Amino acid sequence: MGTLSSVPAVFRSGSFNGDGRQDLLVRNARTGELFVLPHRGEFKGPDTYGDPVLIGTGFGLHLWLCAGDLTGDGTADLVCITNDDRTLVFLNQGGLDGPRTLGEPIHVGGKPPERTYDTIALGDLTGNGIVDIIGRVQGTGEIHRILHQGKVDGPHTFAPPADFALIDPTDLPVGLADITVNGEPDLLVRRVDGTLVVHEVYAGGKGEDARPLAPAGFHPLGTGWDKALVIDITDIDGDGRPDLLALYADGSLVVHRHSGTFDPADPGATFLPPVALGTGWADFDIVS
């Protein structure tokens, strides 16, 4: 894996207790504490998530943190990038159990000088139930796919990077999810003007090792997303479609639920109007 620099706050959710519902992983920027807010089982606006459970401390200087299933056991693990450019994995020890939720860190990536990634995200590109990584090469619009090789095995966990997508260097890759409802992950991108765009990366099919076979299709979803400090992709209502969380500077957290359908002629109707999930989130700089 490559290194990481100036990582924006864009993340992906996971289920820490293994019930299939997408919990929230959050970091308190002041204290460096990590918390999980377990999903209560159904969408109820501000009452969707339970009380926060402290699962770790000392994460204040980490550049990037994200939840994702790296073993295929149905529970969310933790991937993080340290401030000295190491990639670490903390495996879930069998469910949500306070400070015992995660095991000891496993070093899976280093610092090769030929590649530096300024944004990365997690998503399942191969459909095997285990998350892979995408990364944008620093200072460019080149997006690489970094596939999980089947088991967590130190530096052999991920395959060498390969081409995935090409975007404008000023665009921000937000994450991977099946937004177009075609059964394949799409690349969600926020443009510098605040427009949210879905890149239908596999519009022309998928080849060996998750290689796109043709240029992506582009569909604008809406504007004004530059006001969000954090954008997170999750499934808050359990319908199997990706929903979007947005955290704002005033500490408010809202969700835009997926409508359940996607119409290329009217992509702006893909996500529903925002529903408030709560206030007082100003101390958190990561929501995953």
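Everything quoted here is computed from the prediction, not taken from an experiment. When reading the values below, keep in mind they use all heavy atoms of this one structure, side chains included, and skip hydrogens, waters and symmetry mates.
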Fill in the blank from the handout: The salt bridge (Lys or Arg N to Asp or Glu O under 4.0 Å) partner of R136 among D163, D171, D118 is D118
Handout entry: Check: I236 main-chain N/O paired with H39 side-chain donor or acceptor under 3.5 Å
Key = yes
Handout entry: Inter-residue atom distance L213.CG - K206.NZ, 0.5 Å rounding
Key = 10.0 Å
Problem - Y117 side-chain N/O to I134 backbone N/O, donor-acceptor pair under 3.5 Å - result: no
Practice task
Return yes if some donor-acceptor pair links the side-chain N/O of N92 with the main-chain N/O of T75 below 3.5 Å, else return no.
Solution key: no
Practice task
Please confirm whether the backbone N or O of R21 pairs with a side-chain atom of S15, one donor and one acceptor, at under 3.5 Å?
Solution key: yes
Handout entry: Main-chain N/O of L70 paired with D77 side-chain donor or acceptor, under 3.5 Å
Key = yes
Exercise for the section: Find the distance between CD (E208) and OG1 (T126) and round it off to the nearest 0.5 Å. Expected result: 12.5 Å
Exercise for the section: Give a yes or no on whether a salt bridge exists between R27 and D285, defined as a side-chain N under 4.0 angstrom from a carboxylate O. Expected result: yes
Exercise for the section: Would you indicate whether the side-chain heavy atoms of I167 and L187 approach each other to under 4.5 Å? Expected result: yes
Practice task
Apply side chain to side chain contact (heavy atoms under 4.5 Å, CB included) to the pair I146 and I120, showing each step before the final yes or no.
Solution key: CA-CA 10 Å; I146 308 167; I120 65 176; 5.9 Å; no
Practice task
Compare all side-chain heavy atoms of L166 with those of E142 and state whether any distance is below 4.5 angstrom.
Solution key: yes
Handout entry: For the student: nearest non-hydrogen atoms of L125 and P185, plus distance
Key = CD2-CG, 3.9 Å
Handout entry: Hydrophobic cluster identity match, F158 and V137, side-chain contacts under 4.5 Å
Key = yes
Practice task
Determine whether I130 and V108 fall in the same hydrophobic cluster, where Ile, Leu, Val, Met, Phe, Trp and Tyr are linked whenever their side-chain heavy atoms lie under 4.5 Å apart.
Solution key: no
Exercise for the section: For residues D232 and L247, determine if any side-chain heavy atom of one lies less than 4.5 Å from a side-chain heavy atom of the other. Expected result: no
Exercise for the section: Kindly indicate whether the side chain of T261, heavy atoms from C-beta on, has any atom under 4.5 Å from the side chain of V181. Expected result: no
Problem - Test item: D69 side-chain N/O and G74 main-chain N/O as donor-acceptor pair under 3.5 Å - result: yes
Handout entry: Atom pair CD1 (I286) and CG (L229), whose distance is rounded to the nearest 0.5 Å
Key = 13.0 Å
Practice task
Give a yes or no on whether the backbone of V36 and the side-chain of D23 come within a donor-acceptor separation of less than 3.5 Å.
Solution key: no
Handout entry: Steps toward side chain to side chain contact (heavy atoms under 4.5 Å, CB included) verdict (I133, L122)
Key = CA-CA 5 Å; I133 293 175; L122 302 182; 3.5 Å; yes
Problem - Side-chain donor/acceptor of D124 to backbone N/O of G129, under 3.5 Å - result: yes
Handout entry: R30 to N28 - nearest heavy-atom pair and separation
Key = N-OD1, 2.9 Å
Fill in the blank from the handout: Closest heavy-atom pair, F218 versus R191, reported as atoms and distance to 0.1 Å, is CD2-NH2, 4.3 Å
Handout entry: Contact summary for F59 and L78, nearest pair of heavy atoms
Key = CE2-CD2, 3.9 Å
Problem - Beyond-backbone contact of T270 with H258, side-chain heavy atoms, under 4.5 angstrom - result: yes
Practice task
Start with the C-alpha distance between W225 and L172, add both sets of side-chain angles, then the distance that settles side chain to side chain contact (heavy atoms under 4.5 Å, CB included), and finish with yes or no.
Solution key: CA-CA 11 Å; W225 287 88; L172 173 64; over 6 Å; no
Fill in the blank from the handout: In T234, L188, I179, the residue satisfying side chain to side chain contact (heavy atoms under 4.5 Å, CB included) with L244 is L188
Practice task
Would you name the heavy atoms of L272 and S259 that are closest together and state the gap between them?
Solution key: CD2-CB, 4.0 Å
Fill in the blank from the handout: Scanning both residues in full, the closest heavy-atom pair of P212 with V201 reads CG-CG1, 3.5 Å
Practice task
Output the distance between atom CD1 (I81) and atom OG1 (T87), rounded to the nearest 0.5 Å.
Solution key: 3.5 Å
Problem - Polar side-chain atom of Q149 near backbone of H156 as donor-acceptor pair, under 3.5 Å - result: yes
Exercise for the section: State yes or no: do L253 and F43 share one hydrophobic cluster built from I, L, V, M, F, W and Y residues joined by side-chain heavy-atom distances below 4.5 Å, directly or via other members? Expected result: yes
Fill in the blank from the handout: With sequence neighbours left out, the residues meeting side chain to side chain contact (heavy atoms under 4.5 Å, CB included) with L88 are C80, T82, R86, F90, P105, H107
Practice task
Compare all side-chain heavy atoms of L96 with those of P38 and state whether any distance is below 4.5 angstrom.
Solution key: yes
Practice task
Output the distance between atom CG (D263) and atom NE2 (H219), rounded to the nearest 0.5 Å.
Solution key: 10.0 Å
Practice task
Would you give the length of the straight line joining atom OG1 of T48 to atom CG of D237, rounded to the nearest 0.5 angstrom?
Solution key: 9.0 Å
Practice task
Report the C-alpha distance between L24 and L245 in whole Å, list the side-chain angles of each, state the deciding distance to 0.1 Å, and finish with yes or no for side chain to side chain contact (heavy atoms under 4.5 Å, CB included).
Solution key: CA-CA 10 Å; L24 290 186; L245 299 181; 3.5 Å; yes
Handout entry: Cluster check V197, F262: I/L/V/M/F/W/Y, side chain < 4.5 angstrom
Key = no
Problem - Cluster overlap Y248 with V230, hydrophobic side-chain contacts below 4.5 Å - result: no
Exercise for the section: Could you tell me whether a side-chain N or O of R145 sits under 3.5 Å from a main-chain N or O of D209, the two making a donor and an acceptor? Expected result: yes
Exercise for the section: Please determine if R100 and D97 form a salt bridge, counting it only when a charged side-chain N lies under 4.0 Å from a carboxylate O. Expected result: yes
